[in-house]
Amino acid sequence: MDYYINVVLPIPLQRLFTYQVTPSEATFLKPGMRVAVSFGKTRIYTALVVEIHHHPPEAYEAKPIHQILDEEPMVNPIQLQHWQWIADYYMCTLGEVFRTALPGALLLESETIVLRNLDYQRDDTLLNDDEFTVLEALEHRGALKVKDISSILEKKTVLPVLNKLVRKRAIVLKEELVDLYKPKMVRHVRMAPEYQDEAKLEELLQDLSKAPKQIQAVLALFQLQAQSDKPVKMKSLQEESRVSPGVIRALLDKQILEDYSLRTDRIIFEQKGETPKTVTLTEDQNKSFAEIQEFFTKEKVTLLHGVTSSGKTELYVKLIEKYLASGKQVLYLLPEIALTAQLIHRLQSYFGQNISVYHSRYNMQERVEVWFNVMMNRSKAQIVIGARSALFLPFSELGLIIIDEEHETSFKQYDPAPRYHARDAAIVLAQMHSARVLLGSATPSIESYYNVQSGKYDYTRLTRRFGNVLLPEIELVDLKQLARRKRLKGHFSERLIDLINETLEAGEQVILFQNRRGFAPIVECTSCGHSPGCPNCDVSLTYHKFRNQLRCHYCGHHTELQPDCMACGNHSLDTKGFGTQQVEEEVKTLFPEARTGRMDFDTTRGKHAHARIIQSFEAQEIDILVGTQMLTKGLDFRHVNLVGIMNADSLLNFPDFRAHERSFQMLTQVAGRAGRTEKRGRVIIQTYNPYHQILQQVTTGDYDTMYQEQLYEREQYHYPPLNRIIRITFKHKDYNKLNEASEWFGRSLRAQCGPWVLGPEFAPIPRIRNQYLKHILIKISRNTALHKMKNSIKRIEKSFNAISQYKGVRVIYDVDHM
Ligand code: ADP
Ligand code: ZN
């Protein structure tokens, strides 16, 4: 009898593919193992086995597989089930989920670029012939494609060899380039392994009796090791032992000591904080904690609604402790930008070696390690703290998922598919594991609060800050009046300037928030009104003063700013609007004594740039920190007593049905950075619209009224949470083709799905990277069966794909579009 396997390939094709296997391969294989298969003419992919069976495919001849890559499943059945749910719900393919879910290093394919890992200490005795040949070739040629390696080894399948080299950390793959060029290596030193043995050590000290300086160095090393379990830096040894570098060199030459290099970032990371303080929960906190545990017996999702600094994190810690004790795995999800070193250190100080971190700023090797540790259910990955992709890890004993800052829209993946919402997908995952879910936020999403109101979720609230610190006092400053009376200095009101001076004099720190990076969003000619736009996107270029550049924030296009208007030639260019760069510049003129820093997308590109800015702000090396929404998340600064919001209007006027909800959340969160210790903080919100209801609600901390009003509007216009939405995007470089194709699709949808189909309409930015974009929005009432609706849409897409003149128009689904 013949044997076949169905596999999922990491490509956006709807179907699974069938390959032939031998009987012995069939006995060995299990669902969730990886195999190398060829697909298309020459390409080799890593595929995942989904089932093993006896049915040959009807439409094509099944090819044999190249190789089995695993000895045991890499992906468990719950994961497969969960990924299938994501594919169905978010209208994408299982292959797309697979591609996102697995760390890149486990997904080698023939086009992958392989590089030497410069940190790797090569030891040829540990390499087999193929591995040796690959490394030799890389020494000479620097980088190779997998298929080049295939011809060098004269073998069709090289993925197993490369997989081994990846696990030995001898090679790295292309996506890690960024990391490759940056690691800062620090020399460390340790005793050679043979002297771990005490008898050997005695002997050594005897032998060295004629070399007192060398003994001094060895003893100093022991002393350093005894002081902490951290690796010992060469520099520390030199300082501690007070011997000359020659003495240490001699010990290295004699192989008594060994030196090795570590990347500083890893070390910083391994460092544990102060010994954990045992926290006794306050009465309020205890009450919430008891409620949560009570709700958990009912297996319902619980929302913890606690004002900033009320101790939500302390409650998470207590809860995690319980699950840890019962041997269960815990997943702690956070939005990417809230995953700060600050929070990680704090959790590490509680959970030490039981915690692993998983997010995109980590390189592939580190992610692969976490994957395996979770897969083996090792204690060091019993708690995983991570961004949304941590959801895909191979948990087998998941007991608890905490979703902190649950309101954050960045939990939704926007591009590429799967366009999933990590909070919602996590709740589904928890059900599959019978695990509990705790959502936490100071400003819950309308969706989650709605689920509380309708009885779907349970709810507990913390209304007071820890230590009864008062929530900051929020003051609105009317820019319109001030502008009329010419009472503004740059973008600063006198009130804000006075308070900044006061705060600085008291030795405290200031945060200034402006949700736009760059210097000015728009450059405009005051003679003819021309404003330079991006040649690839329908959008104005943003002026970046520091480099004297105009940059497109959508495609990265940039040009130098010319002094004269390109349209009329007059020397009359002016800027409109303002970004963080301009705020920073004004701060420097207004407060020349103060030390300033800036935190936005432009200043935080490097792997650790973000952490560095936070650290120096924490260490009070910066007095005034200017930043975008990056500042709003999960940061706990002890000396910030004033937060200034430069302009609230750009948030409020954003063309989106969630703009008001988001403004409330963002302003409340930034305000929450002020005065987290004894002293009550102050917040100044500058606005042209001081009577805007959202600003009033932020000022009084009136979440409930905000919710009621927003819900009413959502009801009126059939938006979530009362309705669901699916957004379909059409994309093509030909304007007319796109118009016709999207019109056709819209007509068919209206015929099938009724009146709640809006559009097609051009996107707010109608062209990006030379591609035109149109959207159709479908509003679906809660009573309609969602899967039926999706099936109808898919059927329409099928007919659409058969129309030759629409070929090449991309159709992108975004279910629950944010
Ligand atoms: P949130 O997560 O709600 O913003 P945190 O858990 O960060 O609040 O608490 C704010 C600060 O108060 C932290 O420094 C935290 O350690 C401290 N804190 C909260 N609850 C307690 C407690 N019961 N005992 C001691 N310190 C606490
Ligand atoms: Zn552009």
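Position 1 is the first residue of the sequence, and the numbers go up from there. Atoms within a ligand are numbered from 1 in the order they appear, just like the ligands themselves. These numbers come from a predicted model, not from an experiment.
Here the options are Lys328, Gln382, Gln329, Glu397, the test is side chain to side chain donor-acceptor pair (under 3.5 Å), and the partner is Asn377; only Gln329 passes. The side-chain contact (heavy atoms from CB on, under 4.5 Å) with Tyr350 is formed by just one residue from the set Thr313, Ile320, Val279; it is Val279.
For ligand 1, the atoms sitting less than 4.0 Å from at least one non-hydrogen atom of Gly311 are 1 (P), 3 (O), 5 (P), 6 (O), 8 (O), 9 (O), 19 (C), numbered in the order shown with element in parentheses. Residue Val307 has at least one heavy-atom neighbour below 4.0 Å for each of these atoms of ligand 1: 3 (O). Near Thr280, meaning under 4.0 Å from any of its heavy atoms, are these atoms of ligand 1: 22 (C), 23 (N), 24 (N). The Leu281 neighbourhood of ligand 1 comprises atoms 23 (N), with distances under 4.0 Å to a heavy atom of that residue.
Taking 4.0 Å as the cut-off between side-chain N and carboxylate O, Arg436 and Glu299 count as a salt-bridged pair. Ion pairing between Glu661 and Arg714 holds under the 4.0 Å rule for side-chain N and carboxylate O.
The closest approach between Arg346 and ligand 1 falls below 4.0 Å for a heavy atom of the residue. In this structure, Ser309 is part of the shell of residues with a heavy atom less than 4.0 angstrom from ligand 1. Not a single heavy atom of Leu462 lies less than 4.0 angstrom from ligand 1.
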>> Working note: Ile685 + Val698, criterion side-chain contact (heavy atoms from CB on, under 4.5 Å); need CA distance, chi angles, decisive distance, verdict.
In response: CA-CA 10 Å; Ile685 300 181; Val698 169; 4.1 Å; yes
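Residue Leu315 does not touch ligand 1, judged by heavy-atom distances below 4.0 Å. Looking at Arg465 against ligand 1, nothing comes within 4.0 Å, counting heavy atoms. Contact annotation: for Thr313 versus ligand 1, heavy atoms closer than 4.0 Å belong to both the backbone and the side chain.
Heavy-atom contacts from other residues, nucleotides or ligands closer than 6.0 Å to CZ of Arg461 number more than 12.
When side chains are defined from C-beta on, Thr580 does not count as touching Arg516, because their heavy atoms never get closer than 4.5 Å.
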